[in-house]
Amino acid sequence: MSGPSPFATWWSTYALATGIVSVGLDSAGYEVLSRVALVLACAAWLVAAAGLVQRARGGWRAETPAALTAVAATAALGTGFSAAGRQPLAEALLALAVLLWGLLLTTEAGGGRGTVFLRCVATQGLAVLGATLAAADTAAWLAHAALVLFWLGLALYGFALFRFQPRQVEVGRGDHWLAAGALAVSALAGAELLSADSARLHLWNEENADVLRTTTVTLLVLALIACVALLLAELFWPRHHYDVRRWATVFAAVVTATAALAVAAALDVPWLDAAGEVLLWIAVAAWLGCTAWAITSARAGARRSRVRSRARR
């Protein structure tokens with residue numbers, strides 16, 4: 001079976017990036033804007049889901065990395081709905097995401113390109129949603145399950161880093177930013193696990209909490225360093241043409257900002273909260289810019305198609 005078209009891939013990556021935008025805006029206190037982003041993410045997710053169901057008739061084993069993006073997008077939507085107080089819907093999306101994750105985890109994850117990190121992104125997306133729901137529903141078992149996914153996601157990151165080709169930093173078309181995005185979503189998962197603890201749940205003893213705090217802060221610092229390094233690489237090796245994989249770049253920027261806000265809230269660090277909000281608006285600007293770039297590219301492609309059609313006549 002052939003893989004999904006770039007158009008189909010666009011919907012799942014757009015849903016993922018926009019879902020994280022919604023989560024980040026909600027964390028920063030912009031509830032109305034968060035809900036608008038959530039609606040846009042839902043619309044894209046529905047289109048992506050329809051395409052995934054149609055392609056799945058050929059068998060899940062033949063799927064491509066874009067399907068793992070759909071897992072992460074489903075988890076991001078669930079996190080957004082949980083923040084909006086729609087816990088039953090968030091729980092249903094968690095169940096669906098876990099099912100898809102189980103079916104798609106063994107798919108080929110893109111050779112040495114940035115898509116090798118999608119297994120980590122999808123797994124940590126489940127950890128984020130699980131921890132968020134654990135706090136909302138005071139469900140200790142869900143938090144412990146999310147913790148298992150958190151450590152599994154870090155192991156998957158290690159395997160992906162071993163397979164990642166460093167040359168992608170020079171020639172990658174945007175998906176190489178998943179190396180940073182996977183670190184950031186891991187930091188977000190760690191922060192949500194820390195925030196899920198309460199007097200009612202008693203999730204972590206002092207030693208476990210210290211390990212989780214240290215790991216989460218380390219992941220955030222590494223994600224920020226990776227983003228700066230990748231940004232410098234973009235300036236040194238500029239990519240002037242639009243590619244659907246640019247949405248992985250937007251995802252990395254948005255999830256890094258969201259992780260900074262979540263870590264600030266979990267550890268009560270006011271200056272990091274302010275820095276996270278600045279990063280969030282930079283990421284939102286990147287999201288708007290990539291949206292405009294995608295629309296412009298689509299219009300240019302449509303014009304070229306019309307010209308070729310007339311030339312054939």
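Residues Trp177 and Glu234 have side chains in contact (heavy-atom distance under 4.5 Å, counting atoms from C-beta outward). You'll find the side chain of His176 reaches within 4.5 Å of the side chain of Leu230, heavy atoms only. Here the side chains of Glu206 and Asp210 are in contact, with some heavy-atom distance below 4.5 Å. Contact annotation: the side chain of Trp281 approaches that of Leu25 to within less than 4.5 Å [non-hydrogen atoms, C-beta and beyond]. Side-chain contact between Leu105 and Val71: absent, with no pair of heavy atoms (C-beta onward) separated by less than 4.5 Å. Residues Val128 and Val23 have side chains not in contact (no heavy-atom distance under 4.5 Å, counting atoms from C-beta outward). Between Thr13 and Phe251 the shortest side-chain heavy-atom distance does not fall below 4.5 Å.
Hydrophobic clustering (ILVMFWY, side-chain heavy atoms < 4.5 Å, transitive): Leu231 and Val284 are in one cluster. Side-chain heavy atoms closer than 4.5 Å link hydrophobic residues (I, L, V, M, F, W, Y) into clusters, and following such links, even through other members, never connects Leu183 to Ile282. Hydrophobic clustering (ILVMFWY, side-chain heavy atoms < 4.5 Å, transitive): Val221 and Leu224 are in one cluster. Taken together through direct or relayed side-chain contacts under 4.5 Å among Ile, Leu, Val, Met, Phe, Trp and Tyr, Trp141 and Leu147 form part of one hydrophobic cluster. By the rule that hydrophobic residues join a cluster once side-chain heavy atoms approach within less than 4.5 Å of another member, Leu219 and Trp151 end up as members of one cluster.
The CZ atom of Arg35 sits 7.0 Å away from atom CG of Leu38, with the distance rounded to the nearest 0.5 Å. How far CG of Leu103 is from CG of Leu68: 11.0 Å, rounded to the nearest 0.5 Å. Thr79 OG1 to Leu133 CG: the interatomic distance, rounded to the nearest 0.5 Å, is 7.5 Å. For the atom pair Arg119 CZ and Leu104 CG, the distance stands at 10.5 Å (nearest 0.5 Å). Between the OH atom in Tyr14 and the CG atom in Leu40 there is a gap of 4.5 Å [rounded to 0.5 Å]. Atom CG of residue Asp197 and atom CG of residue Asn205 lie 9.5 Å apart, to the nearest 0.5 angstrom.
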*What's the verdict on side chain to side chain contact (heavy atoms under 4.5 Å, CB included) for Gln87 and Asp137, showing C-alpha distance, side-chain angles and the deciding distance?*
CA-CA 8 Å; Gln87 307 310 330; Asp137 298 341; 4.0 Å; yes
*Would Leu267 and Leu194 satisfy side chain to side chain contact (heavy atoms under 4.5 Å, CB included), going step by step from the backbone distance to the final call?*
CA-CA 8 Å; Leu267 303 183; Leu194 288 168; 4.1 Å; yes
*Derivation and outcome, side chain to side chain contact (heavy atoms under 4.5 Å, CB included), residues Arg239 and Val171*: CA-CA 8 Å; Arg239 288 82 158 171; Val171 302; 5.7 Å; no
*May I have the step-by-step check of side chain to side chain contact (heavy atoms under 4.5 Å, CB included) for Leu149 and Trp101, ending in yes or no?*
CA-CA 11 Å; Leu149 289 169; Trp101 177 78; 4.0 Å; yes
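For the pairing with Leu129, the side-chain contact (heavy atoms from CB on, under 4.5 Å) check across Leu94, Val98, Leu142 returns one residue only, Leu94.
Of all heavy-atom pairs between Ser82 and Ala136, the closest is OG-CB, 4.3 Å. Contact between Gly174 and Thr249 at its shortest, heavy atoms only, is O-OG1, 3.0 Å. Considering all non-hydrogen atoms of both residues, Ala72 and Ala122 come closest at CB-CA, 4.2 Å. Here the closest heavy-atom approach between residue Ala187 and residue Ala259 is recorded as CB-CB, 4.2 Å. Scanning both residues, Gly276 and Ala260, for their nearest heavy atoms gives CA-CB, 3.9 Å. Between Phe117 and Leu161, the closest heavy-atom pair is CE2-N, 3.8 Å.
Using modelled atom types, no side-chain atom of Ser34 and backbone atom of Tyr30 make a donor-acceptor pair closer than 3.5 Å. Of the possible donor and acceptor atoms, none in the side chain of Ser22 sits under 3.5 Å from a partner among the backbone N and O of Thr18.
A salt bridge does not link Asp243 with Arg246: none of the charged nitrogens is closer than 4.0 Å to a carboxylate oxygen.
For His241 and Trp293, the distance between ring centers is not under 6.0 angstrom.
Looking at residues two or more places apart in sequence or on another chain, you find a side-chain contact (heavy atoms from CB on, under 4.5 Å) between Ser198 and Arg200, Leu201.
Aromatic ring pairs are classed by plane angle as parallel below 30°, tilted from 30° to 60° and perpendicular above 60°; the pair Trp247 and Trp287 is perpendicular.
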